[in-house]
Amino acid sequence: MSNIQSSILSYTVDNAPFEGYLVYATDNNAAQPGVVIAPNWMGATADAAEQAKAIAAKGYVVLVADLYGQGQRPTNGEEAGALMMAVKDTPAEVARMQAALDALRTQTIAPVNADKVAAVGFCFGGHCALELARSGADIKAAASFHGTLDTKGAYDDNVIQASLLVLDGAADPLVPREQLAAFANEMNSKGVDWQLVSFAGAVHSFTDPKADNAGVSQYHPEVTQRAFKRLYQLLDEVF
């Protein structure tokens with residue numbers, strides 16, 4: 001992936017500075033589909049940018065969204081949890097995702113097909129991606145990797161435009177199992193194109209190579225491979 005470049009992209013949310021990572025192929029001049037990545041609770045890190053390179057290599061321009069703001073970079077779980085809970089289930093969650101989406105579409109570094117854009121999130125970011133879709137954002141798809149499925153947003157019925165994909169660890173103790181049925185009922189009631197795949201033996205953070213809390217948050221390479229295949233299949237369909 002020597003042709004994949006990662007650079008900081010600055011943008012604003014409510015006049016405050018934010019910095020995400022723009023990840024793209026340097027040898028492509030044609031407009032490509034765009035993907036906004038909502039990272040896990042650690043925010044827009046170098047690890048998140050590195051993960052985005054694999055997605056960009058599939059033919060996408062990727063923006064790793066900044067969910068906390070310039071300079072707000074947690075160094076441990078306690079700090080990450082505090083920053084996350086200040087955003088989750090507040091208007092800022094969707095506003096910051098929408099700002100990243102707008103930044104991806106309007107940046108001039110890597111050409112993006114503005115009509116072909118999706119949101120993908122991991123853990124906390126998975127919740128963010130689904131909330132963006134629930135808000136009625138103009139995106140083709142939203143995918144959540146091991147994110148919670150609950151919502152407190154007051155959204156209009158039948159407003160979701162995106163096809164939705166939930167990639168769940170069947171043994172994830174941090175995503176209550178009752179959320180799966182509630183999500184299915186919610187989406188069915190709105191006539192949404194949705195899929196939910198629950199992988200046996202996987203717990204939280206199954207895509208994170210650094211997750212090593214056995215039985216709680218743990219990397220699962222086989223499930224990661226299967227889950228990303230599902231993602232790319234969906235993106236091929238909607239784009």
Side-chain angles (χ1 to χ4, degrees), residues 1-13 17-40 43-67 70 94-122 125-126 128-133 135-145 160-167 192-195 207 224-239:
M1 296 190 294
S2 59
N3 65 318
I4 304 299
Q5 174 72 37
S6 173
S7 60
I8 291 176
L9 181 69
S10 299
Y11 57 99
T12 61
V13 184
F18 281 66
E19 289 184 343
Y21 285 96
L22 187 69
V23 186
Y24 57 97
T26 57
D27 57 357
N28 185 75
N29 295 319
Q32 294 179 307
V35 176
V36 171
I37 288 184
N40 65 23
T45 64
D47 286 342
E50 193 65 30
Q51 184 182 49
K53 288 182 178 180
I55 297 176
K58 295 290 186 178
Y60 305 105
V61 177
V62 180
L63 176 61
V64 179
D66 181 359
L67 300 175
Q70 185 184 58
V94 169
R96 293 176 184 186
M97 287 295 293
Q98 184 63 53
L101 181 65
D102 294 342
L104 175 62
R105 281 188 164 123
T106 58
Q107 55 77 34
T108 58
I109 299 170
V112 172
N113 185 332
D115 293 326
K116 296 182 178 181
V117 180
V120 177
F122 300 85
C128 295
L130 294 180
E131 289 295 275
L132 180 66
S135 75
D138 181 16
I139 54 177
K140 295 297 185 182
S144 168
F145 287 77
I160 297 174
Q161 301 183 52
S163 296
L164 303 186
L165 173 63
V166 170
L167 300 159
V192 177
D193 174 29
W194 66 279
Q195 302 173 62
T207 62
T224 294
Q225 184 179 39
R226 289 177 174 178
F228 272 98
K229 283 182 179 179
R230 293 277 189 159
L231 171 65
Y232 296 135
Q233 181 182 33
L234 176 63
L235 296 181
D236 285 346
E237 289 176 0
V238 299
F239 291 154

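All values reported here derive from a predicted model rather than from experimental measurement.
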For a quick test of reading the model, state the closest non-hydrogen atom pair linking Asp66 to Tyr11 and the distance between them.
N-OH, 3.1 Å

Please tell me if the side chains of Ile109 and Gln5 come closer than 4.5 Å, counting only heavy atoms from C-beta onward.
no

Test item: Lys140 side-chain N/O and Phe239 main-chain N/O as donor-acceptor pair under 3.5 Å
no

Take the angle between the ring planes of Tyr60 and Tyr232 and call it parallel below 30°, perpendicular above 60°, tilted in between.
parallel

Find out whether Cys128 and Leu67 are in side-chain contact, i.e. whether some heavy atom of one side chain is under 4.5 Å from a heavy atom of the other.
yes

Under a 4.5 Å cut-off applied to non-hydrogen side-chain atoms, are Ile37 and Tyr21 in contact?
no

Test side chain to side chain contact (heavy atoms under 4.5 Å, CB included) applied to Arg226 and Arg230, step by step:
CA-CA 7 Å; Arg226 289 177 174 178; Arg230 293 277 189 159; 5.9 Å; no

Any donor-acceptor N/O pair, Asp193 side chain to Ser163 backbone, under 3.5 Å:
no

Any non-hydrogen side-chain atom of Glu50 less than 4.5 Å from a side-chain atom of Val23?
no

Should Val61 and Pro111 count as side-chain neighbours, where that means a heavy-atom distance under 4.5 Å?
no

When you measure from the side chain of Thr26 to the backbone N and O of Asn3, does any donor-acceptor pair fall under 3.5 Å?
yes

May I ask you to test the Leu104-Leu22 pair for a side-chain heavy-atom distance under 4.5 Å?
yes

Where do Gly59 and Pro33 come nearest, in terms of heavy atoms and distance?
O-CD, 3.6 Å

Between Gln98 and Asp102, is any side-chain donor less than 3.5 angstrom from a side-chain acceptor?
yes

Nearest 0.5 Å please: distance from the CG atom of Leu167 over to the CG atom of Leu231.
7.0 Å

For Asp236, enumerate each residue passing the salt bridge (Lys or Arg N to Asp or Glu O under 4.0 Å) test, keeping only those at least two apart in sequence or located in another chain.
none

For the CG atom of Leu235 and the NZ atom of Lys116, what is their distance to the nearest 0.5 Å?
11.5 Å

Quick check: closest heavy atoms across Ala44 and Glu19, and the distance to 0.1 Å?
CB-O, 4.1 Å

Contacts of Arg105 meeting salt bridge (Lys or Arg N to Asp or Glu O under 4.0 Å) (sequence neighbours excluded), chain-then-number -> Asp138

Closest non-hydrogen atom pair, Gln161 against Gly136
NE2-O, 2.8 Å

Out of curiosity, Gln107 CD to Ser10 OG, how far, rounded to the nearest 0.5 Å?
12.5 Å

So Phe145 and Phe228, would you call those rings parallel, tilted or perpendicular, with 30° and 60° as cut-offs?
tilted

Set out, in order, the CA-CA distance, both residues' side-chain angles and the distance that settles side chain to side chain contact (heavy atoms under 4.5 Å, CB included) for Val62 and Tyr24, then state yes or no.
CA-CA 6 Å; Val62 180; Tyr24 57 97; over 6 Å; no

Please name the pair of heavy atoms, one in Ala141 and one in Leu234, separated by the smallest distance, quoted to 0.1 Å.
CB-CD2, 3.9 Å

Checking Asp115 now: which residues fulfil salt bridge (Lys or Arg N to Asp or Glu O under 4.0 Å) with it, not counting sequence neighbours?
none

Closest heavy-atom contact between Val192 and Ala162?
CG1-O, 3.9 Å

Could you tell me whether Asp27 atom CG has more than 12 heavy atoms of other residues or ligands within 6.0 Å of it?
yes

